[in-house]
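Have a look at the structure below, then the notes.
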2 protein chains.
Amino acid sequence: MKSVEAWKRKMLKNPAFRKEYDALEEEFALANELIGARAKAKLTQAQVARRMGTTQSAVARMESGRKLPSTASLVKYAAATGHKVEIRLTKAR
Amino acid sequence: MKSVEAWKRKMLKNPAFRKEYDALEEEFALANELIGARAKAKLTQAQVARRMGTTQSAVARMESGRKLPSTASLVKYAAATGHKVEIRLTKAR
DNA sequence: ACCGTCTATCGCAATTCTGATATATAGCAA
DNA sequence: TTGCTATATATCAGAATTGCGATAGACGGT
């Protein structure tokens with residue numbers, strides 16, 4: 001067992017940290033969606049960027065998960081990788 | 001058959017209009033998701049607004065479909081109505 | 001080691017969205 | 001009609017995101 005995992009389990013018991021973590025998880029999940037979509041399309045960031053009408057650095061930023069991208073950007077990114085965006089509000093766990 | 005429907009079918013054959021229409025459809029679909037989530041929660045715009053830490057007018061704007069709300073706002077809105085946001089990039093039709 | 005390709009990050013101006021207030025409209029009940 | 005509640009719209013300053021160039025790191029091939 002990796003010590004990082006132990007640390008994570010312990011920290012998640014802290015409510016304050018937990019809140020932060022959940023918010024971050026949102027961003028990471030989204031970043032994975034993006035990277036996965038681009039991988040399926042077999043395109044580089046630069047190629048997606050050109051199709052979106054923007055630059056490679058902007059695409060890298062979206063995939064970094066350091067910022068939540070706008071809905072408009074998501075739609076453009078999806079189109080560039082041959083996908084469409086689906087946004088659902090499902091019952092919270 | 002309503003004449004509006006006939007007009008719509010005809011217009012959708014126009015590629016330029018079609019593009020506009022698809023973009024709008026995106027926003028309307030999202031607005032419906034939001035309104036539906038709030039209806040299930042049986043909350044008013046003002047109640048959701050207070051839970052989101054914003055005002056009734058901001059909630060109305062999100063649901064109007066006249067602007068694409070930010071991802072951050074979607075997350076807050078979902079939480080306020082007892083939901084969570086799911087964003088998926090699926091194969092384009 | 002050098003080169004070419006792909007990705008990550010920084011800083012700043014420009015664009016877009018948000019928060020807030022005020023006001024308008026619609027429906028309903030007394 | 002009056003009053004009350006819920007929703008819609010306008011405006012504007014402030015906040016957040018984007019576009020862009022420059023640059024650095026990572027990786028594989030020669």
Side-chain angles (χ1 to χ4, degrees), chain A residues 19-20 22-89, chain B residues 19-20 22-89:
Chain A
K19 197 175 168 189
E20 283 299 316
D22 287 347
L24 283 176
E25 202 159 33
E26 193 81 42
E27 298 177 17
F28 286 141
L30 180 52
N32 284 337
E33 274 291 303
L34 296 180
I35 295 171
R38 186 164 64 81
K40 280 184 194 158
K42 292 190 171 60
L43 295 170
T44 67
Q45 291 182 341
Q47 289 173 316
V48 172
R50 202 155 55 75
R51 295 181 183 198
M52 288 176 66
T54 183
T55 60
Q56 176 268 327
S57 67
V59 172
R61 183 168 48 198
M62 287 181 72
E63 294 180 354
S64 74
R66 291 150 51 25
K67 298 273 184 180
L68 281 174
S70 72
T71 309
S73 293
L74 291 178
V75 172
K76 284 190 225 162
Y77 186 105
T81 56
H83 293 76
K84 66 185 170 69
V85 184
E86 277 182 18
I87 298 178
R88 294 272 144 66
L89 270 64
Chain B
K19 197 176 168 190
E20 282 300 316
D22 287 347
L24 284 175
E25 203 158 34
E26 192 81 42
E27 298 175 18
F28 287 141
L30 180 53
N32 284 336
E33 274 292 303
L34 297 179
I35 294 171
R38 185 164 64 81
K40 280 184 194 160
K42 292 189 172 58
L43 295 170
T44 66
Q45 292 182 339
Q47 289 173 317
V48 172
R50 201 157 56 74
R51 295 181 184 197
M52 287 176 66
T54 182
T55 59
Q56 176 268 327
S57 68
V59 173
R61 181 169 49 198
M62 287 182 73
E63 295 180 354
S64 75
R66 293 156 43 66
K67 298 272 184 181
L68 281 173
S70 73
T71 309
S73 293
L74 291 179
V75 172
K76 283 189 227 163
Y77 186 104
T81 56
H83 294 76
K84 65 184 171 68
V85 184
E86 278 182 16
I87 298 177
R88 293 274 145 66
L89 270 65

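The structure presented is a predicted model; accordingly, all values stated were derived computationally and were not measured. Throughout, protein chains are lettered first and strands after them, A, B, ... in sequence-line order, and every chain is numbered starting at 1. We use all heavy atoms of the structure for the numbers below, so side chains are in, but hydrogens, waters and symmetry mates are not.
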Completion exercise
Testing D:dT7, C:dG19, D:dA8 for proximity to the side chain of B:Thr44, the answer is D:dT7
Practice task
Indicate the atoms forming the closest heavy-atom contact of B:His83 with B:Ala37, along with that distance.
Solution key: CE1-O, 3.5 Å
Exercise for the section: Give a yes or no on whether a donor-acceptor pair under 3.5 Å exists between the nucleobase atoms of D:dG19, that is its base, and the side chain of A:Ser57. Expected result: no
Completion exercise
Rounded to whole Å, CG of A:Leu74 lies from P of D:dT17 at a distance of 12 Å
Practice task
Name the closest nucleotide to the A:Gln56 side chain, picking from C:dC6, C:dA8, C:dT9.
Solution key: C:dA8
Handout entry: Nucleotide nearest A:Arg61 when distance is taken to its side chain, options D:dT18, C:dC10, C:dG19
Key = D:dT18
Completion exercise
On a heavy-atom basis, the closest approach of B:Arg88 and A:Glu33 is CA-OE1, 3.3 Å
Fill in the blank from the handout: On a heavy-atom basis, the closest approach of A:Leu30 and A:Pro69 is CD2-CD, 3.8 Å
Practice task
Indicate whether OP1 or OP2 belonging to C:dG19 is found under 4.0 Å from a side-chain N or O atom of B:Lys76.
Solution key: yes
Exercise for the section: Mind calculating the distance between CG (B:Leu68) and C1' (C:dT18) to the nearest angstrom? Expected result: 14 Å
Practice task
Starting at atom CE of A:Met52, determine the distance to atom P of D:dT17, rounded to an integer number of angstrom.
Solution key: 15 Å
Practice task
May I ask you to evaluate whether B:Arg66 reaches the phosphate of D:dA10, defined as a side-chain N or O under 4.0 Å from OP1 or OP2?
Solution key: yes
Exercise for the section: Counting heavy atoms from C-beta on, name the nucleotide in C:dT7, C:dA22, D:dT7 closest to the side chain of B:Gln45. Expected result: D:dT7
Problem - Atom-to-atom span, CG of B:Leu34 to P of D:dT7 - whole angstrom - result: 14 Å
Handout entry: Closest-nucleotide 5' rank along DNA chain D - winner of B:Ala72 and B:Leu43
Key = B:Leu43
Exercise for the section: Please tell me which of the listed nucleotides, D:dT9, C:dG19, C:dA8, lies nearest to the side chain of A:Ala60? Expected result: C:dA8
Practice task
Find the distance B:Tyr77:OH to C:dG19:P and express it as a whole number of Å.
Solution key: 14 Å
Handout entry: Residue pair A:Gln47 / A:Lys42: nearest heavy atoms and the distance that separates them
Key = OE1-O, 4.2 Å
Practice task
Give B:Ser73 one of three labels, base, sugar-phosphate or nothing, depending on what nucleic acid heavy atoms sit under 4.0 Å from its own.
Solution key: sugar-phosphate
Completion exercise
Of the candidates D:dA8, C:dT9, C:dT18, the side chain of B:Ser70 sits closest to C:dT18
Practice task
Answer yes or no: does a side-chain N or O of B:Arg50 lie under 4.0 Å from OP1 or OP2 of C:dG19?
Solution key: no
Completion exercise
Tested for side chain to side chain contact (heavy atoms under 4.5 Å, CB included) against A:Leu34, the lone hit among A:Val48, A:Val59, A:Leu74 is A:Leu74
Practice task
Would you mind reading off the distance between B:Glu63 atom CD and D:dT7 atom P, rounded to a whole angstrom?
Solution key: 8 Å
Problem - Interatomic distance, A:Arg38 CZ vs C:dC6 P [rounded to whole Å] - result: 10 Å
Practice task
Name the closest nucleotide to the A:Thr54 side chain, picking from D:dA10, D:dC20, C:dG19.
Solution key: D:dC20
Handout entry: Closest listed nucleotide, where the reference is the side chain of B:Lys67 and the choices are C:dT18, C:dC17, D:dA8
Key = C:dC17
Practice task
Figure out the CD/P separation between A:Gln47 and C:dT5, and round it to whole Å.
Solution key: 12 Å
Fill in the blank from the handout: For B:Ala78 and B:Val85 the tightest heavy-atom approach is CB-CG2, 3.5 Å
Exercise for the section: Answer with base, sugar-phosphate or nothing: what part of the nucleic acid does B:Thr55 contact at a heavy-atom distance below 4.0 Å? Expected result: base
